[in-house]
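For reference, the structure discussed in these notes is given below.
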Protein chains: 2
Amino acid sequence: MARAVSETHGEILAAAARRFAVTGYRGTSLQDIAREVGCSKATVLYHFANKEALLAELMAPAIAVLRDLDDRLTGLTGAAAQQVAAVGFVDLAVRFRREIALLRGEFPELLAQPAFAHIQQISERLRDAFAGHSERPGARISALVLLAGIPEACAEFVDVPDDELRPALLTLVRRAVEPVESSLPQPPTTEDKES
Amino acid sequence: MARAVSETHGEILAAAARRFAVTGYRGTSLQDIAREVGCSKATVLYHFANKEALLAELMAPAIAVLRDLDDRLTGLTGAAAQQVAAVGFVDLAVRFRREIALLRGEFPELLAQPAFAHIQQISERLRDAFAGHSERPGARISALVLLAGIPEACAEFVDVPDDELRPALLTLVRRAVEPVESSLPQPPTTEDKES
DNA sequence: TCAGACTCTGACCGATCGGTCAGTTCATCG
DNA sequence: CGATGAACTGACCGATCGGTCAGAGTCTGA
């Protein structure tokens with residue numbers, strides 16, 4: 001009955017994604033996943049060190065893109081940071097909205113897990129960029145509303161095609177974001193916004 | 001050692017609020033709450049039928065206001081509905097942001113509990129109103145971003161005073177919301193928006 | 001004084017959780 | 001053929017969960 005290793009590994013991963021999307025991470029037991037695959041719980045733990053490793057592998061691509069966005073943000077300030085953050089984050093949320101849907105509302109406690117320790121800091125820098133590094137409360141509040149609301153909307157509209165969801169979100173962001181006062185006379189370097 | 005009933009009852013409620021705010025609803029056990037009060041777990045369950053009843057009593061005031069908003073929304077369409085929904089929802093989120101913070105990201109599964117069965121429907125009607133009852137995807141997407149993001153922002157900025165948070169959010173909503181085409185020539189009846 | 005109601009508790013329950021482990025099956029290869 | 005190692009499993013573990021229950025302590029009013 002032993003299948004090729006990669007086969008079962010992938011099946012477990014797919015089953016986990018399906019179950020997490022329905023009942024959430026905490027609400028899904030290893031037994032549930034095993035039942036869906038048609039193997040024993042011990043088999044799941046043979047292929048993955050623990051439950052957290054299963055989630056980490058599922059989220060790895062999305063996290064890689066998030067880190068890349070964080071890198072592209074370093075050094076940018078004001079309107080330039082706003083622009084890169086907005087385009088990058090909307091793109092990220094749209095592309096990985098299925099992964100986001102898996103975690104529906106479990107981000108806070110999930111981020112506390114060792115595997116996602118750095119995500120917290122990245123999201124704080126992203127929020128700063130969204131606010132154009134402004135200290136004005138209005139700017140920071142708008143930034144957080146968008147950063148929290150966009151993933152939620154992406155997870156909800158899983159079936160809306162990318163090229164409909166993305167422009168709608170970008171239009172919303174442009175309208176909603178507080179225009180930042182150019183404290184530094186910074187030329188709008190929009191050259192790398194589509195890299 | 002027996003205290004007055006209302007005293008212990010209130011202490012348990014306060015302790016639960018404190019613990020829920022830190023570790024979330026699911027992440028807080030009845031034992032945790034009992035430890036914080038300085039009584040036994042059985043005492044907690046003497047004063048409250050079960051864990052869900054504890055949460056329900058904690059959220060009761062917020063839910064009452066939400067139902068009231070829902071009532072005021074019935075019959076309204078287009079821009080009028082948008083206006084009432086925006087002002088009402090922002091006010092609700094600001095006033096009860098401590099209660100919202102308790103549940104940080106646990107809304108989806110919490111709403112599945114019997115005690116909150118009707119909330120799901122109310123929030124759907126609220127989303128419709130935010131979108132001005134428009135079917136345009138852009139309008140519906142913006143509505144969901146705001147409806148999901150505003151509570152999150154309110155929970156995050158617990159320490160920002162009301163009269164700073166509220167106008168910032170209202171400004172954001174006015175900028176972000178898609179202006180609805182007045183399909184019905186409806187006079188802007190804003191008379192009851194501040195009742 | 002005493003019955004009954006109220007408040008509170010320790011001990012216990014069944015269920016479920018993530019995770020471990022010894023051992024079985026089986027394909028591959030020297 | 002026999003040895004090896006990867007794939008897989010059932011049985012089991014300790015911990016924790018929400019919840020139950022019989023009974024102890026205390027107060028009150030007839």
Side-chain angles (χ1 to χ4, degrees), chain A residues 1-59 102-103 106 109-116, chain B residues 1-59 102-103 106 109-116:
Chain A
M1 202 182 287
R3 288 163 283 196
V5 55
S6 62
E7 192 178 332
T8 305
H9 190 92
E11 278 179 27
I12 292 172
L13 222 44
R18 257 174 280 134
R19 295 303 312 164
F20 287 166
V22 176
T23 48
Y25 176 73
R26 293 192 67 166
T28 301
S29 68
L30 295 176
Q31 193 67 258
D32 291 334
I33 297 168
R35 196 180 302 121
E36 179 124 348
V37 175
C39 69
S40 71
K41 187 179 66 170
T43 298
V44 174
L45 286 164
Y46 170 76
H47 286 277
F48 298 88
N50 48 43
K51 195 184 178 186
E52 186 184 317
L54 190 47
L55 178 65
E57 188 163 326
L58 225 37
M59 302 301 289
L102 301 188
L103 306 180
E106 292 185 288
E109 38 188 326
L110 253 30
L111 291 184
Q113 292 192 120
F116 306 108
Chain B
M1 200 180 286
R3 288 163 283 197
V5 55
S6 62
E7 191 177 334
T8 304
H9 189 93
E11 279 180 26
I12 292 172
L13 220 45
R18 258 175 278 133
R19 296 303 311 162
F20 288 165
V22 176
T23 49
Y25 176 73
R26 293 192 69 164
T28 300
S29 68
L30 295 175
Q31 192 67 257
D32 291 334
I33 297 168
R35 197 180 302 121
E36 178 123 351
V37 175
C39 69
S40 71
K41 187 179 66 169
T43 298
V44 174
L45 286 163
Y46 169 76
H47 285 278
F48 298 88
N50 48 42
K51 195 183 178 186
E52 188 184 318
L54 190 48
L55 178 65
E57 188 162 327
L58 226 36
M59 302 302 290
L102 302 188
L103 307 180
E106 292 186 285
E109 38 189 325
L110 253 30
L111 292 185
Q113 293 192 118
F116 306 109

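The figures here come from the full heavy-atom set of this structure, side chains too, leaving out hydrogens, waters and symmetry mates. A, B, ... follow the sequence lines: proteins, then strands. Residue 1 opens every chain.
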Original post:
Where is the tightest heavy-atom contact between Arg19(A) and Asp32(A), given as atom of each residue plus distance?
Top reply: NE-CB, 4.4 Å

**OP:** Write down the atom of Arg18(A), the atom of Glu36(A), and the distance for their closest heavy-atom approach.
**Re:**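 Residues Arg18(A) and Glu36(A), closest heavy atoms: NH1-OE2, 2.5 Å.
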
**OP:** For each nucleotide in nucleotides 11-19 of chain C, reading 5' to 3', give B when a protein heavy atom comes within less than 4.0 Å of its base, S when such contact involves only the sugar-phosphate, and - otherwise.
**Re:** ------SBB

Original post:
When you measure from the side chain of Lys51(B) to the backbone N and O of Tyr25(B), does any donor-acceptor pair fall under 3.5 Å?
Top reply: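 Answer holds: yes.
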
Does OP1 or OP2 of [N] have a side-chain N or O of [X] closer than 4.0 Å?
| X | N | answer |
| --- | --- | --- |
| Ser40(A) | dT9(D) | yes |
| Tyr46(A) | dA7(D) | yes |
| Thr8(B) | dT7(C) | no |

Original post:
Side chains of Glu57(B) and His9(B): is there a donor and an acceptor less than 3.5 Å apart?
Top reply: yes

Original post:
Considering only heavy atoms from C-beta outward, does the side chain of Tyr46(B) approach that of Thr8(B) to under 4.5 Å?
Top reply: no

Original post:
Going through the distances and angles, do Val37(A) and Thr43(A) end up as a side chain to side chain contact (heavy atoms under 4.5 Å, CB included)?
Top reply: CA-CA 10 Å; Val37(A) 175; Thr43(A) 298; over 6 Å; no

Original post:
Which whole-number value in Å describes the distance from His47(B) NE2 to dC6(C) P?
Top reply: 13 Å

